[in-house]
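The sequence lines fix the lettering, A, B, ..., with proteins before strands; numbering per chain opens at 1.
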2 protein chains.
Amino acid sequence: MVNQTLVQEISQLEADFCFALSDPTRLLILYALADEPRNVTELTNDLSVIQPTISRHLKVLRERGLVYTVRQGTTVTYHLSDNRLIQALDLLRAVMRERLAYKASLMEETKASTNA
Amino acid sequence: MVNQTLVQEISQLEADFCFALSDPTRLLILYALADEPRNVTELTNDLSVIQPTISRHLKVLRERGLVYTVRQGTTVTYHLSDNRLIQALDLLRAVMRERLAYKASLMEETKASTNA
DNA sequence: TGTATTTATGCGTTTATGCGTATGAAAGCA
DNA sequence: TGCTTTCATACGCATAAACGCATAAATACA
C-alpha cells in the first residue's frame, strides 16, 4: 500500500510537468529544439513569435527541466533535455489522430442517417 | 514545406490534448481507469474527490477522447481509450524523475561548496 | 406517477495563465 | 566608460480554469 499523500504529490509533480506541454508555442519550441539547439533570437525568428513571449515560454520549460541552456557570450542556446519527450509527444499525437478520425467517422454516420 | 497555419493548428490541437494531462486529479483518474473501468461513484470513492469535481474532470477527458463511456442503467462506466496514453505518461514520468534527481544532485554540490 | 439513485451542469468566486509593452540585466566591443 | 546586442522580467489587463454548492437531468423501480 502506497502513502495516499505521496501519490497525490507525485501526481501533482507529473501534472506540473505535463502543463509545460499544454501550450502550442511551447510544443513548437520543443520540436524546433529537437531538430537542433537554438538561441532565443533564432526561436523568435523561426516561430514568428515576439521575444518576450518566447522567453517566458522557455522559462516554463526550463523550470521543469524539459530544456537546458548553454551560454555563449551574449547568446543563450537552448537544448532539448531528453528525446523521450518527443517520443511521448509522438505517442500522444498518434492517439489524438485516431480519436479525431473516429469522431469524424461518427460525424459521417450521423450525416448518413440524417439523410436517410 | 508544410503550411505554416496547418502546423500551428496541429500544435493547438496537441496542446489541447496535453492540457487534459495537466491536472493531478485527471492523471489519477487515467491511472485508475487503466487499472480497470469504473463509474463516477467508484471514482469518487477511490480518489476521495467530490462527485461534481470528478464529473467535470471526466468531461475534460471525454471531450478530448482520452476516455469513453458505457451507460448501464443509471450508472456510467468510464474506460481508458488507449493504453498508449499510459505509455506516454510513463515516458514523461521517467524523464521527470531523472531531471529531479539531477536537480537534487546540483543541490548537493551547492551545499558541499558552501561548506567548503 | 412518485421516489430514489446516479451523473451532469449552472452559478459565483477565487486563482492562474497568456500576452503586449516597457524596461532591466548581462556580455562583448569600440 | 559608453554603446550595442541579446535575453529576462515586471506590470497591467483580459481571459480561462478550478472549485464548492445547489440543482437539474436521466434512469430504474415501487
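- Minimum atom distance to the side chain of B/Pro52 is reached by D/dA22, of the listed C/dT17, C/dT6, D/dA22.
- In this structure, B/Leu47 atom CG and C/dT7 atom C1' are separated by 16 Å, rounded to whole Å.
- Of the listed residues (B/Arg26, B/Arg99, B/Arg97, B/Arg93), just one forms a salt bridge (Lys or Arg N to Asp or Glu O under 4.0 Å) with A/Glu14, and that residue is B/Arg93.
- Not one N or O on the side chain of A/Thr53 forms a donor-acceptor pair closer than 3.5 Å with the backbone of A/Val49.
- Regarding contacts with the backbone of D/dA8, a side-chain N or O of A/Tyr78 is found under 4.0 angstrom from either OP1 or OP2.
- The phosphate of D/dG20 has OP1 or OP2 within less than 4.0 Å of a side-chain N or O from B/Thr53.
- Checking side-chain atoms of B/Ser22 against main-chain N and O of A/Phe19 turns up no donor-acceptor pair under 3.5 Å.
- Remark: side-chain polar atoms of A/Glu63 are not paired, donor with acceptor, to backbone N or O of A/Val60 under 3.5 angstrom.
- Between B/Arg56 and the phosphate of C/dG10, there is no side-chain N or O to OP1/OP2 separation shorter than 4.0 Å.
- One interatomic measurement links the two molecules: CD of A/Glu42 to P of D/dT6, which rounds to 10 Å at whole-angstrom precision.
- Between D/dA17 and B/His57, no contact under 4.0 Å exists linking OP1 or OP2 to a side-chain N or O.
- Taking atom CD of residue A/Gln51 and atom C1' of nucleotide C/dA26, one finds them 13 Å apart after rounding to whole Å.
- Between the P atom of C/dT6 and the CD1 atom of B/Ile50 lies a distance of 17 Å, rounded to the nearest Å.
- Distance CG (B/Asp23) to P (C/dA16): 13 Å, rounded to an integer number of Å.
- Of the residues in residues 58-77 of chain A, those with a non-hydrogen atom less than 4.0 angstrom from any atom of DNA chain D are A/Lys59, A/Thr74, A/Thr75, A/Val76.
- Taking atom CG of A/Asn39 as the reference point, atom P of D/dT5 lies 15 Å away to the nearest angstrom.
- Counting heavy atoms from C-beta outward, A/Leu66 and A/Phe17 have side chains that approach closer than 4.5 Å.
- With DNA chain C read from its 5' end, the first of the two nearest nucleotides for B/Ser55 and A/Val49 is the one closest to B/Ser55.
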